[in-house]
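The next block holds one structure in the form of structure tokens; read it before the comments.
Predicted, not measured: the structure shown is a model, and the values here were computed from it.
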Amino acid sequence: MADSTLAHRAQNPTVTEAVHLPPSSPPTNHGRTLAAWTTTWVVVVGSVVAALGLVLSLMWLFWAGLGLAVAGAVLGKVLQVLGHGQGGAATLARQRARGGH
């Protein structure tokens with residue numbers, strides 16, 4: 001069985017086919033928006049506070065940190081809706097003022 005498979009491959013070489021991917025447009029600001037940075041840092045600080053609450057066995061500190069992290073996510077979404085996220089009016093105006101794309 002193995003010999004017939006090898007003979008078949010020798011008589012019918014594999015044809016390599018080129019794969020063409022669709023063009024993609026690069027991001028214009030790489031996620032550097034007010035909404036993204038605010039969300040990131042508030043969630044990070046909230047997570048650190050929650051972790052300290054766990055390490056120090058202070059449940060109120062844990063819940064405060066967790067609440068802060070959730071508030072950061074909500075704040076980021078509000079900023080995005082207000083136009084401070086990717087493609088938002090405020091972000092595009094800031095890019096034009098700085099001479100960006």
Side-chain angles (χ1 to χ4, degrees):
M1 182 71 163
D3 292 334
S4 65
T5 303
L6 291 175
H8 174 75
R9 287 186 183 167
Q11 294 172 359
N12 302 311
T14 305
V15 177
T16 304
E17 185 175 318
V19 177
H20 300 285
L21 297 175
S24 63
S25 60
T28 57
N29 62 13
H30 304 285
R32 295 184 197 131
T33 64
L34 179 64
W37 283 107
T38 302
T39 303
T40 300
W41 283 107
V42 174
V43 169
V44 166
V45 168
S47 299
V48 168
V49 169
L52 284 173
L54 283 176
V55 170
L56 300 174
S57 296
L58 299 172
M59 288 310 292
W60 67 268
L61 189 61
F62 167 75
W63 289 111
L66 192 62
L68 185 60
V70 170
V74 171
L75 178 62
K77 189 62 176 174
V78 168
L79 286 171
Q80 180 189 14
V81 168
L82 292 175
H84 294 282
Q86 180 86 22
T91 301
L92 295 174
R94 191 176 321 109
Q95 285 177 344
R96 282 191 297 271
R98 290 181 182 169
H101 308 288

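In this structure, the side chain of Thr91 engages the main chain of Gly85 through a donor-acceptor pair within 3.5 Å.
Note on residues 43-53: no pairs pass side-chain hydrogen bond (donor to acceptor under 3.5 Å, both in side chains), not counting sequence neighbours. Legend: side-chain hydrogen bond (donor to acceptor under 3.5 Å, both in side chains) pairs involving residues 49-68, not counting sequence neighbours: none detected. Pairs passing the side-chain hydrogen bond (donor to acceptor under 3.5 Å, both in side chains) check and including a residue from residues 69-81, sequence neighbours excluded, read Lys77-Gln80.
Neither Val78 nor Val81 shares a network with the other; the hydrophobic side chains, linked directly or stepwise wherever heavy atoms of I, L, V, M, F, W or Y lie under 4.5 Å apart, form separate groups for each. Cluster membership check: Leu75 does not share its hydrophobic cluster with Trp37, using side-chain heavy-atom separations under 4.5 Å among Ile, Leu, Val, Met, Phe, Trp and Tyr.
By the side chain to side chain contact (heavy atoms under 4.5 Å, CB included) test, Leu54 is found to be paired with Phe62, residues two or more places apart in sequence or in another chain being considered. Checked against side chain to side chain contact (heavy atoms under 4.5 Å, CB included), Thr39 has the following partners two or more places apart in sequence or in another chain: Val43.
Atom NE2 in His84 sits 12.0 Å away from atom CG in Leu92 (nearest 0.5 Å).
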Below 3.5 Å, can you tabulate the donor-acceptor pairs from side chains in residues 66-74 to any protein atom, sequence neighbours excluded?
none

